[in-house]
S.K.: 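Questions regarding the structure given below will be posed in turn.
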Amino acid sequence: MNRLTIDAAEFSKAYFSRLKRVIEQMDVVENDALVLSLGADLPWLIGYQAMPLERLTALVVRKNEQPVLVVPALEEPRVSLHGDLFRVRPWHEYEDPFEIVAGALEGCGKVGISDRTWAVSLLSLQTKCGAKFSPASRVTNSLRSVKDPVEQAMLAEAAERTDRVAQAIIDGEVSFIGRSEIGISMEISERLIAEGLQKVNFAIVGAGPHSASPHHEPGKRVIGHDEAIVVDFGGEFRIDGSVGYCSDITRTVVTGEMPDRFLELYAILKTAQLRQVESVRAGISCESVDELGRSYIEEFGYGQYFIHRTGHGIGIEEHEEPYIVAGNTDEIGAGNTFSIEPGIYIPNLYGARIEDIVIATETGYELLNKVDRALHQVG
Ligand code: ZN
Ligand code: ZN
Ligand code: ZN
């Protein structure tokens, strides 16, 4: 990848170009205005993330007008301005922020509002404003799912740092035998922070029979010899003045001898995942990528044990569009960034999953996670 220097100036440029695309898309879905509050749309557009509190933060975007960020006065110091991208309207505790937002929406008939806005905020706004509201995702999803160069660089950086932890695991630097899942999960979290991620989103460690539970909550169970362990972890990488971008990787390791059936299952999984990764290019449908791995796993009789979709988009959120799942006929476009994470889980016995993040390009894909997928034995 042509890795650009990620700095605040690059982000500023990106925000202006995103705003332009948002306004074009508002036309397409016939929205007169957008109200962005909680969730990832707001930080994606202006680099500012609203605190998930009862005090209202909302960016009002209208055509031919400078967007205005209505923000609690006490949080104004956290706002970084980017030229004339938007202006700030701090509100004081004696004011009604919903009046202010309703005022900014005057004359608007159709308004998109962030999907994650609290219902109580939308209800308050509706008592003061006669507009018809719809989910802002109708405007933002198709734009946010295509990562621009700054976002691709952030995701690559997050993946690279996360890979170093996965590499340490397969290299045997993390000991498993005799330790609890939760203890290992904590060590993985610490290593992610040491690699420069600001936040850990999750560190799943599922050992022995727990490896058959895809989203196992790590517990006190102590890991023994001859077990399979699924480790799936990710966090957020951020530079000052930007929002964080997520990482997500899964590897499966073993603590000794495993039955032939497990080794066979793992070989099938590894081939299926590789087939899926290598199928990625602009123009292929999401469901075809799912099907390519699923049909291969089915051929060997393990279809019923692949119990989840193949993958999810990733960006500011851990899970976002596009979803790589049966029934999703959407075509993948260049810049879509998502996980390929098939798994095979034999209940109460063992399971395995392999997960990598890929960016689709016009002609193929770029793999963000580069850690070996062969089955490694750890101690
Ligand atoms: Zn998951
Ligand atoms: Zn994962
Ligand atoms: Zn994932």
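Remember, it's 1-based here, ligands and their atoms both numbered in the order they're listed. Only a predicted model underlies this, so the values are computations on that prediction, with no experimental measurement involved.
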S.K.: Please report, to 0.1 Å, the donor-acceptor pairs under 3.5 Å made by any side chain of residues 217-224, with sequence neighbours excluded.
M.R.:
from : atom 1 : to   : atom 2 : distance (Å)
R221 : NH1    : E227 : OE1    : 3.1
R221 : NH1    : E227 : OE2    : 3.4
R221 : NH2    : E227 : OE2    : 2.7

S.K.: Any N/O/S atom from E355 (main chain or side chain) under 2.8 Å of the Zn ion (ligand 2)?
M.R.: yes

S.K.: N/O/S of D232 less than 2.8 Å from the Zn ion (ligand 3)?
M.R.: no

S.K.: State whether F306 and R294 meet the cation-pi test: NZ (Lys) or CZ (Arg) under 6.0 Å from the six-membered ring centroid, and within 45° of the perpendicular axis.
M.R.: yes

S.K.: Could you check which N/O/S atom of E341 is closest to the Zn ion (ligand 3)?
M.R.: OE2

S.K.: Tell me who clusters with V35, hydrophobic residues only, linked when side chains sit under 4.5 Å apart either directly or through other members.
M.R.: L56, V60, V68, V70, W91, F98, I100, V101, L105, V111, I113, L122, L125, F133

S.K.: Which angle, to the nearest 10 degrees, do you find at the Zn ion (ligand 3) between NE2 in H312 and OD2 in D248?
M.R.: 90°

S.K.: Among D248, D163, T250, which one satisfies side chain to side chain contact (heavy atoms under 4.5 Å, CB included) with N369?
M.R.: D163

